[in-house]
Amino acid sequence: MTFEDATFSVIFDKGMLDAFFSNTEDSCADNNNVRKYLAEGFRVLQPLGRFLIISTNNDTDLVLPYVYEEDWEVDHFALEVDNAGRYCTGGRAKGCKTLYTMYVLTKSETP
């Protein structure tokens with residue numbers, strides 16, 4: 001599918017970023033597919049549009065360098081659960097582990 005520039009105000013991803021990283025022999029390898037994917041998301045978003053990514057790849061040191069190649073404002077949050085599977089709130093509580101990381105990428109207002 002082909003979309004014009006600045007078509008969407010929101011893009012939601014649950015799994016695509018993970019698929020790109022899992023399709024490499026070395027998950028730390030330079031990944032041009034991730035680069036192209038994020039650049040395309042940036043292209044089709046309207047100014048101040050949001051790209052919401054929920055990922056099981058909780059290695060923000062691996063993901064964030066790709067994100068910062070475009071002019072995004074970036075927030076990321078750990079979604080944590082305790083041993084009983086209940087979501088943790090209020091920061092990293094004892095016995096909680098990160099289940100997902102949510103990246104909120106906001107496109108700059110001007111190109």
Side-chain angles (χ1 to χ4, degrees):
M1 293 186 284
T2 303
F3 298 102
E4 293 184 25
D5 294 356
T7 301
F8 301 101
S9 59
V10 175
I11 299 171
F12 183 80
D13 164 20
K14 172 54 186 99
M16 182 60 77
L17 184 68
D18 294 340
F20 285 133
F21 279 117
S22 69
N23 197 25
T24 61
E25 291 179 18
D26 176 5
S27 64
C28 295
D30 187 31
N31 194 320
N32 283 324
N33 288 328
V34 172
R35 208 171 259 111
K36 290 176 190 175
Y37 170 67
L38 293 171
E40 186 66 6
F42 190 86
R43 183 188 71 78
V44 299
L45 272 176
Q46 299 167 357
L48 299 178
R50 300 256 165 94
F51 195 165
L52 308 174
I53 301 170
I54 295 182
S55 176
T56 57
N57 184 336
N58 299 316
D59 184 355
T60 57
D61 291 335
L62 175 63
V63 175
L64 289 176
Y66 291 98
V67 170
Y68 286 122
E69 290 181 10
E70 297 292 341
D71 191 18
W72 299 108
E73 178 183 315
V74 180
D75 290 305
H76 58 91
F77 310 92
L79 304 173
E80 300 176 328
V81 294
D82 64 15
N83 292 335
R86 297 178 300 243
Y87 283 98
C88 300
T89 59
R92 190 132 180 100
K94 186 177 180 180
C96 289
K97 64 179 180 179
T98 301
L99 187 62
Y100 299 105
T101 299
M102 180 173 199
Y103 299 90
V104 180
L105 314 179
T106 303
K107 186 175 178 177
S108 58
E109 189 168 6
T110 54

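Bear in mind that the values here come from a model prediction, so they are computed numbers and not experimental data. Only heavy atoms go into these numbers, but all of them, side chains included; no hydrogens, no water, no symmetry mates.
Sequence neighbours left out, not one pair with a member in residues 7-16 passes salt bridge (Lys or Arg N to Asp or Glu O under 4.0 Å).
For the atom pair E73 CD and L48 CG, the distance stands at 9.0 Å (nearest 0.5 Å). Residue L17 holds its CG atom at 9.0 Å from OG1 of T56, rounded to the nearest 0.5 Å. With rounding to the nearest 0.5 angstrom, the CD atom of E40 is 15.5 Å from the CZ atom of R35. Atom CG of L64 and atom NE2 of H76 lie 4.5 Å apart (nearest 0.5 Å). The line from CG of L38 to OH of Y68 is 12.5 Å long, rounded to the nearest 0.5 Å. The line from OH of Y87 to CG of D82 is 11.0 Å long, rounded to the nearest 0.5 Å.
In this structure, G85 and V81 approach most closely via the heavy-atom pair O-CG1, 4.0 Å. For the pair T98 and Y100, the tightest heavy-atom approach, listed with the atom from each and the gap, is CG2-O, 3.3 Å. Contact detail for R43 and E4: the closest heavy-atom pair is NH1-C, 3.6 Å.
For the pair Y103 and I54, the minimum side-chain heavy-atom distance is 4.5 Å or more. Looking at heavy atoms from C-beta onward, I11 lies out of side-chain contact with L52 at the 4.5 angstrom threshold. Side-chain contact between F77 and V104 is present, with at least one heavy-atom pair separated by less than 4.5 Å. With contacts defined as side-chain heavy-atom distances shorter than 4.5 Å, the pair N57/L62 qualifies. Looking at heavy atoms from C-beta onward, L105 lies out of side-chain contact with F42 at the 4.5 angstrom threshold.
Between the side chains of D18 and S55, at least one donor N or O sits under 3.5 Å from an acceptor N or O.
In this structure, the ring-ring contact (aromatic ring centres under 6.0 Å, His included) partners of F8, at least two apart in sequence or on a different chain, are F3. Under the rule for a ring-ring contact (aromatic ring centres under 6.0 Å, His included), the partners of Y37 that lie at least two apart in sequence or sit in another chain are F20, F51.
Under a cut-off of 6.0 angstrom, the local environment of CD in Q46 is crowded, with over 12 non-hydrogen atoms contributed by other residues, nucleotides or ligands. Remark: N83 CG is loosely packed, at most 12 non-hydrogen atoms of other residues, nucleotides or ligands lying under 6.0 Å away. Sparse packing is recorded around CZ of R50, with 12 or fewer heavy atoms of other residues, nucleotides or ligands lying under 6.0 Å away.
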Go through the steps for T106 and W72 under the test side chain to side chain contact (heavy atoms under 4.5 Å, CB included), then give the verdict.
-> CA-CA 5 Å; T106 303; W72 299 108; 5.7 Å; no
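With hydrogens and angles ignored, the 3.5 Å screen pairs a side-chain donor or acceptor of Y66 with a backbone N or O of N31.
Salt-bridge annotation for E80 and K97: absent, with no side-chain N of the basic residue lying under 4.0 Å from a carboxylate O of the acidic one.
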